[in-house]
Amino acid sequence: MKEVKHYINGQYVGSASGRMFDNINPATGEVISQVHEAGEAEVDAAVKAARAALKGPWSKMTIDQRSKILHAVADGINARFDEFLEAECADTGKPKSLASHIDIPRGAANFKVFADMVKNVATEAFEMATPDGTGALNYAVRRPKGVIGVISPWNLPLLLMTWKVGPALACGNTVVVKPSEETPTTTALLGEVMKDAGVPDGVFNVVQGYGGDSAGAFLTAHPDVDGYTFTGETRTGELIMQNAAKGVRDISLELGGKNAGIVFADCDMDKAIEGTMRSAFANCGQVCLGTERVYVERSIFDEFVSRLKVEAEKLVIGPPDDAAANLGPLISQKQRDKVLSYYQQAVNDGATVVTGGGIPDMPDALKNGSWIQPTIWTGLSDDSAVINEEIFGPCCHIQPFDSEEEAIAQANRLPYGLASAIWTENLSRAARVAGQVEAGIVWVNSWFLRDLRTAFGGSKQSGIGREGGEHSLEFYTELKNICLKL
Ligand SMILES: NC(=O)C1=CN([C@@H]2O[C@H](COP(=O)(O)OP(=O)(O)OC[C@H]3O[C@@H](n4cnc5c(N)ncnc54)[C@H](O)[C@@H]3O)[C@@H](O)[C@H]2O)C=CC1
Ligand SMILES: O=C(O)/C=C/C=C(\O)C(=O)O
C-alpha cells in the first residue's frame, strides 16, 4: 500500500512512532494509502528545519531569484498536472472536470501571482524636519515574518494550501504545512516539485496528521513558530488562536460562514439561477463561500424555486472520471452523517423538501462512497439550526422577502460574515445593498469570481485578517521603519 510521509528538510520521512492512518477515497470508500501521523518529534524537526532555512540560502537570495524559483514551482505543478489532478480527485472524490478547472490551475497561479507581486512592492517614506535643520528620512522595509505554520482544510486542498504557501515563500518566509488528514496527498507531492524547482531544503516542510491532540495542535503549540494561517471551522480557529496567543504570535484566520444570496425581482433570472446553482452545489457544497441561505423577492419566489429545483435535479452525481458528473461525494462518511443530520433536522422543523433530502442510489462499485443528494428546502423559520449553522453540504434553504431592508437584515442576522451574492440588474441597488451586507466578500451578479489581488477574508466570526494581493504581503512580512538622520 502506498505511504504518504512527512516532508522535512527536503526529505520524505516516516513517523518515529510508526503511527499511520487510512486515507480513504470518498467516492468508493476504499483505502488508497497509509498516512504517517506526526508526533511532537516530527513537528519539532520540521520547525527546526524551517528555522534553520530562514538563515540559509533562501534569505540570501534576491527577490528576483526567489521569484524565479516560485515560477518554477508553478511550472512544476503544471508539468505534473495529471498527477496532481489524479491525487486530488482520489483524496476528495471531486469531479475531474472541476479540479482541472479550479483546484490545480489555482495551485499553480497562487505561486505565479505572488512571485510577480513581490517584485513590484513600493515602500513608504516620510521626510521629516528636525530642530537642527538637517532633517531625517523615515523609510520602511519589509522583512519576512519568519517561520509560518500553515493549517489547511480538505475542501480545496491544493488551492487553499498554496494560497498561503505562495505568498509566504514569496515574502521570504519558511513554512511548516499541516494539510487536512482527509487530503494529505497533493501537499506531500508538492515537496517533490519544490525540490525540483530549487527551493532550498527546509524552506517548505509538511507534517501529516490530525488536528486536535495531533500534528495540528503540536504545530500551533510550538513556541518557535512566528505566525499561523488557517482555513477551516470557526471553533478550530478559536483553538488555534488560543495557542497562538502564547508568545503573541500573529494569525490569519479564514473561517466558517452561513452565506446569504439575495435575489431581487429585477435580476436576470438565468444568471441568478446559474450562479445560485454553483454557489449552493459546487464541490458538493463544500466551499466556505457557498450560499446556504437564499432570500428571494416574493414576486419571483415560486418561479425561482421551481427553476432551481429543475436545475438541481439535472446535476449528475458520479465519480471523478465520469466526464458527465458535476457532483462528487462529500469528503467522508463523518461529514455525510453531519450533513444528513441537518437533512433530518429540516424535516423535523417542518421544511418543505423541494428536492433531495437523502442518499442517492449508486452502482455497487460506489456503494461505500459518501454520496448525498443535492437538496433544496423552503418553509423553515428563522430559529431552525438548518438556516443558522454552517452545514457544508450540497443544500440551500430558500425564503421569500418583501423589501430591501428585510433582505439586508436577514443576510446580517447571523454571527458569520464571510461572503454574499446579490442578484439584481439595478446597479444603484446593488451598490447600496452590497455596502450594507456584513461580509468580507460580496459578489454582484456572480459568485466565486476571483481576482487574486483583492482582499479576501471574513468579518464577524468568519475570520480575522485579509489575505490576497498586498494584504497577503502585509500578513507575511514585518514592516520595519528606519529613521535616518540626515
Ligand atoms: N474551508 C472551510 O471553511 C472549511 C470549513 N469546514 C467546516 O468545519 C466542519 C468540520 O470539518 P473539519 O475537518 O473537522 O474542520 P477543521 O476546522 O477541524 O479542519 C481544518 C484543519 O484544521 C486542522 N485542525 C483541526 N483541529 C485542530 C486543532 N485543534 N489544532 C490545529 N489544527 C486543527 C485539521 O486537521 C485540518 O487540517 C465542516 O463540516 C465544515 O462546516 C471544514 C473544512 C474547511
Ligand atoms: O481563495 C479562494 O479562491 C477560495 C477560497 C475558498 C475557501 O477559502 C474555502 O472554501 O474554504
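Nothing fancy with the numbering, it's 1 onward along the sequence. We count ligands from 1, going down the list as the structure has it; atoms in each ligand are counted the same way. Just so we're clear, the structure is a prediction, and the values are computed from it rather than from any experiment.
- For G256, the closest heavy-atom approach to ligand 1 does not fall below 4.0 Å.
- Judged by distance alone, the side chain of E389 and the main-chain N or O of V386 form no donor-acceptor pair under 3.5 Å.
- Looking only at protein heavy atoms, the nearest one to atom 23 (C) of ligand 1 is I151 CG2, 3.7 Å.
- Side chains of E474 and E467 form no contact here, defined as non-hydrogen atoms less than 4.5 Å apart.
- Close approach to T231 involves these atoms of ligand 1, each under 4.0 Å from a residue heavy atom: 1 (N).
- At least one side-chain heavy atom of L308 sits under 4.5 Å from a side-chain heavy atom of I376.
- Ligand 1 places these atoms under 4.0 Å from at least one heavy atom of Q335: 38 (C), 39 (O).
- Annotation: side chain of V150 is not in contact with side chain of K178 (no heavy-atom distance under 4.5 Å).
- A distance of 10.0 Å separates CD in E438 from CD1 in I408, rounded to the nearest 0.5 Å.
- Taking the ring centroids of F114 and Y476, they lie at or beyond the 6.0 Å cut-off.
- Residue-ligand proximity, A217 to ligand 1, at heavy-atom distances under 4.0 Å covers atoms 30 (N), 31 (C).
- Using a 4.0 Å cut-off between charged side-chain N and carboxylate O, K48 and D224 make no salt bridge.
- For ligand 1, the atoms sitting less than 4.0 Å from at least one non-hydrogen atom of G212 are 26 (N), 27 (C), 28 (C), 29 (N), numbered in the order shown with element in parentheses.
- Protein non-hydrogen atoms do reach within 4.0 Å of atom 26 (N) of ligand 1.
- Protein heavy atoms all stay at least 4.0 Å away from atom 14 (O) of ligand 1.
- For atom 2 (C) of ligand 1, the closest heavy atom belonging to the protein is F392 CZ, 3.6 Å.
- For atom 3 (O) of ligand 1, the nearest non-hydrogen atom of the protein is C288 CB, 3.1 Å.
- Nearest protein heavy-atom neighbour of atom 32 (N) of ligand 1: G216 CA, 3.7 Å.
- Salt bridge present: K314 and E311 bring a charged side-chain N and a carboxylate O closer than 4.0 Å.
- Remark: ligand 1 and E233 share an N or O pair separated by less than 3.5 Å (distance only, no angle test).
- Within ligand 1, the atoms closer than 4.0 Å to a non-hydrogen atom of Y210 are 35 (O), numbered from 1 in the order shown.
- In terms of N/O distances under 3.5 Å, ligand 1 is not approached by E254.
- Ring centroids of F392 and W154 are separated by less than 6.0 Å, placing the two rings close together.
- No option in D321, D322, D82 other than D321 meets the salt bridge (charged side-chain N to carboxylate O under 4.0 Å, His left out) test with K96.
- Within ligand 1, the atoms closer than 4.0 Å to a non-hydrogen atom of N155 are 1 (N), 44 (C), numbered from 1 in the order shown.
- In terms of protein heavy atoms, atom 24 (N) of ligand 1 is closest to G211 CA, 3.4 Å.
- The distance from ligand 1 to the heavy atoms of E390 drops below 4.0 Å at these ligand atoms: 7 (C), 40 (C), 41 (O).
- With respect to atom 12 (P) of ligand 1, the closest heavy atom belonging to the protein is W154 NE1, 3.8 Å.
- With respect to atom 39 (O) of ligand 1, the closest heavy atom belonging to the protein is K338 NZ, 2.5 Å.
- Nearest protein neighbour of atom 36 (C) of ligand 1, counting heavy atoms only, is S152 O, 3.6 Å.
- Near L239, with a cut-off below 4.0 Å to any heavy atom, the atoms of ligand 1 are 29 (N).
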**Report entry** Verdict with reasoning, S33 to E3, per side-chain hydrogen bond (donor to acceptor under 3.5 Å, both in side chains)
**Finding:** CA-CA 5 Å; S33 58; E3 290 183 15; over 6 Å; no

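- Residue T236 has at least one nitrogen or oxygen atom sitting less than 3.5 Å from a nitrogen or oxygen atom of ligand 1, judged on distance alone.
- Nearest to atom 35 (O) of ligand 1 by heavy atom, out of Q286, K178, E389, is K178.
- In terms of the side chain to side chain contact (heavy atoms under 4.5 Å, CB included) criterion, residue partners of S332 (sequence neighbours excluded) are, by chain and number, E182, K334, Q335.
- Of the heavy atoms in E182, none comes closer than 4.0 Å to ligand 1.
- In terms of the side chain to side chain donor-acceptor pair (under 3.5 Å) criterion, N173 has no residue partners (sequence neighbours excluded).
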Less than 3.5 Å apart, N/O on ligand 2 and N/O on the protein: could you list those pairs with the distances?
{"from": "ligand 2", "atom 1": "1 (O)", "to": "R106", "atom 2": "NH2", "distance (Å)": "3.1"}
{"from": "ligand 2", "atom 1": "1 (O)", "to": "R450", "atom 2": "NH2", "distance (Å)": "3.1"}
{"from": "ligand 2", "atom 1": "3 (O)", "to": "R106", "atom 2": "NH1", "distance (Å)": "2.6"}
{"from": "ligand 2", "atom 1": "3 (O)", "to": "R106", "atom 2": "NH2", "distance (Å)": "3.4"}
{"from": "ligand 2", "atom 1": "3 (O)", "to": "R450", "atom 2": "NE", "distance (Å)": "2.6"}
{"from": "ligand 2", "atom 1": "3 (O)", "to": "R450", "atom 2": "NH2", "distance (Å)": "3.4"}
{"from": "ligand 2", "atom 1": "8 (O)", "to": "E254", "atom 2": "OE1", "distance (Å)": "2.3"}
{"from": "ligand 2", "atom 1": "10 (O)", "to": "N155", "atom 2": "ND2", "distance (Å)": "2.8"}
{"from": "ligand 2", "atom 1": "10 (O)", "to": "C288", "atom 2": "N", "distance (Å)": "2.7"}
{"from": "ligand 2", "atom 1": "11 (O)", "to": "N155", "atom 2": "ND2", "distance (Å)": "3.3"}

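- Taking the charged nitrogens against the carboxylate oxygens, K258 and E390 have no contact shorter than 4.0 Å, which rules out a salt bridge.
- Relative ring orientation between Y12 and Y7 is described as tilted, the plane-to-plane angle lying within the 30° to 60° band.
- Considering only heavy atoms from C-beta on, V287 comes within 4.5 Å of W447 through its side chain.
- Proximity of a side-chain donor or acceptor of W371 to a complementary backbone N or O of I359 within less than 3.5 Å is not detected.
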Expected list for residues 239-248: side-chain donor-acceptor pairs under 3.5 angstrom, two or more places apart:
{"from": "N243", "atom 1": "OD1", "to": "K246", "atom 2": "NZ", "distance (Å)": "3.4"}
{"from": "N243", "atom 1": "ND2", "to": "T220", "atom 2": "OG1", "distance (Å)": "2.8"}

